[in-house]
Number of protein chains: 2
Amino acid sequence: MDNPTNKRVTIHDVAAAAGVSISTASKALNNTGRMGAETRERVKRIAGEIGFRPNALARGLLSKRSFTIGLLTNDTYGRFTLPVMAGVSEALVDHGVSVFLCAIEDDPALGQIHVEAMLDKQVDGIIASGKRMDRRLPVDLSSLPVPVVYAFTEGTENSVTLRSDDAQGARLAVEWLVKLGRRRIAHITGPQDFFSVRERASAYREVAGDVEPVRYGIWAESWGHEAVGSIWAQPGEKPDAIFCGNDQIARGVVDALRERGIRIPEDVSVVGFDNWEIVAAHTRPPLTSVDMGLKELGREAGLTVLALAEGRGVEPGVRKLPCRLVVRQSCGGMSPTE
Amino acid sequence: MDNPTNKRVTIHDVAAAAGVSISTASKALNNTGRMGAETRERVKRIAGEIGFRPNALARGLLSKRSFTIGLLTNDTYGRFTLPVMAGVSEALVDHGVSVFLCAIEDDPALGQIHVEAMLDKQVDGIIASGKRMDRRLPVDLSSLPVPVVYAFTEGTENSVTLRSDDAQGARLAVEWLVKLGRRRIAHITGPQDFFSVRERASAYREVAGDVEPVRYGIWAESWGHEAVGSIWAQPGEKPDAIFCGNDQIARGVVDALRERGIRIPEDVSVVGFDNWEIVAAHTRPPLTSVDMGLKELGREAGLTVLALAEGRGVEPGVRKLPCRLVVRQSCGGMSPTE
DNA sequence: TTAAGGAGAGAAAACCTTTTCTCACGCGAT
DNA sequence: ATCGCGTGAGAAAAGGTTTTCTCTCCTTAA
């Protein structure tokens, strides 16, 4: 049913082929208006046969809905926005909505250009996403003529913001360690100026108590390695579990422990954060890790911006999505519900 | 200069405000038609003042150009399409073109849906991208009404395909090792059924000679680790350099060497492939690695599809873009040109 | 038999922009 | 004085849909 010419088939062609007027054709295809059941069926059948697909530009011009949204991110290479994007795309494709990807590094001018390009193209809404929860994108989205949803980046005053519940995730991890019988749980994590770091740390503190100081550092293997070095260099009792601020740190921790002949998980349990498959699953032993559910976050962001675009109300504020614990072999025990 | 009402400002508003007709306004703004210089300036000034931006949908309806292209990928989480995407976006934003990101896992139905959605939205062209050069996307793009460019995935018969020159990249790496005085260079790499693997291996063979067998395995740290184990378990002379099929394998190799007390780069040089920052830069010591220039590839793909969309001819066939060697500390020596 | 009403379908406007065509006017040349 | 022409600017069509309005029949009830 391809059309041999290069010209796209329009509703005019459908109408002509079916021997009806354009308006009747349109109403038939959209299940609107009044007409004989037979006519409606015939139009639909013929439309299918000649491969008619409505021109979204024309439709959008009239309906003020382009079935298009923009995804703005400054996390070009990062592992955070990637699953978020996948989630957004997945949630919206069912609704016929396509996603403009706009990678603005940290360049305000570039951001501005992208936003304007999106508005020119009449996007129905914008999702702003980033690489950390407590930083803004370098572009002001607060007074746009379209709805904006923030996902994994800080939003403005009365905006809708979606984030993972890091405190709950941290609690999940530490409680799991406690349940396994660990009593001396250390926490090696990233820079203290990250909001997530502070949130995870205080949840850790709540559950694990004051037995070990929180160790702040950088988001790198080397820091995990080094921190273990300094803990084991000190005199006194050693931890029987280490809760790490991310998987890379955990990886460094595991390496450092192994170098000392300490067995994982028999002597020390290790838990990571992020559940970054490529690291967590390939560490020896594979890492138990907290998954922030970023894909789910993306899906939620997509549905939310869609709701706003359709005029359905959405309560503004910060919405936290739960994390889950992915159990592998680095801390013993078999399932988080056992 | 915001407009207080929610209504978007159209060229009607500009015309009214400037006291001219719509056609005159349009011609003034597009620098077409004939009119007094003063009129033209006044229209432009007023358009700027009231914040007029032309509606791309309406423009596209008429011009048959939507200034929109689609990027199809099945590498949702992968590290390959990510830089490709960044390159595409970067190249096209200057031309006012926005990019639809379509993540089709490996699902033909999903692919079909996305392609149809893109065509409905009148994309000017499509870039297909994947996670390996010798696999097709699970969707047929061979007879679409818009131009298609393949980047880092296999294209169809008479298509334009962009890929990295893996043979040249491998040669670069091995020649570098030779220049450093290494004579017994091993090659530990991925599965032999990857085209890139075979290509890299034969380039390796050309330069390094027949002194060590190529060791095929899987794309994982564990394989690098294991391969070193088996090499060092064998009797006979040991390699003084190892060229790895990717950075993860290299990472496993480095770990295994260190466990044996072998110094890097003093005793053995190691080179990786992919230059995956997050792995290469954080291995101890940081890995020298071959960079496939994926961002450049993306940029090139963007410009190519744009050229096709504008009717400028592009020679079909496979175009290989050069790799470059990123020198870090894992093989000694300081710069690839020294 | 006629008026009312409903069913089926088409005409036309609207969305916003670009482009082609037409028109009016003034000036220089005949 | 008239013709032609160049200049400045507006009218209208086009692009593909959707939607409202209108029109024509036909049926049914009075």
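A note on names: the letters A, B, ... follow the listed sequences, proteins ahead of strands, and every chain is numbered from 1.
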Aromatic plane relationship, A:F100 with B:F100 - under 30° parallel, 30 to 60° tilted, over 60° perpendicular: parallel
Given C:dC15, D:dA14, C:dA9, the nucleotide with the shortest approach to the side chain of A:K64: C:dC15
Whole-Å gap separating C1' (C:dC15) and CG (B:L61): 9 Å
A:R163 bridged to A:E154 by N-O distance under 4.0 Å: no
Rounded distance in Å - CG (B:L57) to C1' (C:dA14): 15 Å
d(CE, B:M35; P, C:dT22) in whole Å: 19 Å
Earlier contact from the 5' end, DNA chain D, for B:V20 and A:A58: B:V20
Atom-to-atom span, CG of A:L62 to P of C:dT17 - whole angstrom: 14 Å
A:R42 bridged to A:E38 by N-O distance under 4.0 Å: yes
Sugar-phosphate only, base, or nothing, as touched by B:T32 at under 4.0 Å among non-hydrogen atoms: nothing
Closest to the A:T24 side chain, choosing from D:dA9, C:dG10, D:dG16: C:dG10
A:N30 side chain, from C-beta outward: closest of D:dG8, D:dT18, D:dG16: D:dT18
side-chain contact (heavy atoms from CB on, under 4.5 Å), paired with A:L306, selected from A:D124, A:V88, A:L92: A:L92
Whole angstrom value for the distance that separates P of C:dG5 from CZ of A:R34: 14 Å
Side-chain ion pair, A:E300 and A:R319, N-O less than 4.0 Å: yes
Sugar-phosphate, base or nothing in reach of B:I22, heavy atoms under 4.0 Å: base
Any B:R59 side-chain N or O less than 4.0 Å from OP1/OP2 of C:dT18: yes
4.5 Å side-chain heavy-atom contact, B:F80 and B:M292: yes
Check: C:dA9 base within 3.5 Å donor-acceptor of A:S21 side chain: no
Sugar-phosphate only, base, or nothing, as touched by B:R65 at under 4.0 Å among non-hydrogen atoms: nothing
Proximity to the side chain of A:H12 - top-ranked nucleotide from C:dA9, C:dT17, D:dT17: D:dT17
Polar contact flag, side-chain donor to acceptor under 3.5 angstrom, B:T73-B:D75: no
Donor-acceptor pair under 3.5 Å, B:K27 side chain vs D:dG8 base: no
Touch class at under 4.0 angstrom, heavy-atom based, for B:S23 against every strand present: base
Sugar-phosphate only, base, or nothing, as touched by B:T39 at under 4.0 Å among non-hydrogen atoms: sugar-phosphate
First encountered from the 5' end of DNA chain D, between A:S26 and B:R42: B:R42
A:K131 bridged to A:D106 by N-O distance under 4.0 Å: yes
Axis-to-axis angle between the two ends of the helix from C:dT1-D:dA30 to C:dT30-D:dA1 (five base pairs per end, rounded to 10 degrees): 70°
Separation of D:dG16 C1' from B:K121 NZ (nearest whole Å): 16 Å
Whole angstrom value for the distance that separates P of C:dT17 from CZ of B:R8: 11 Å
Separation of D:dT19 P from A:N31 CG (nearest whole Å): 12 Å
Phosphate-side-chain proximity, B:N55 and C:dC15, N/O vs OP1/OP2 below 4.0 Å: no
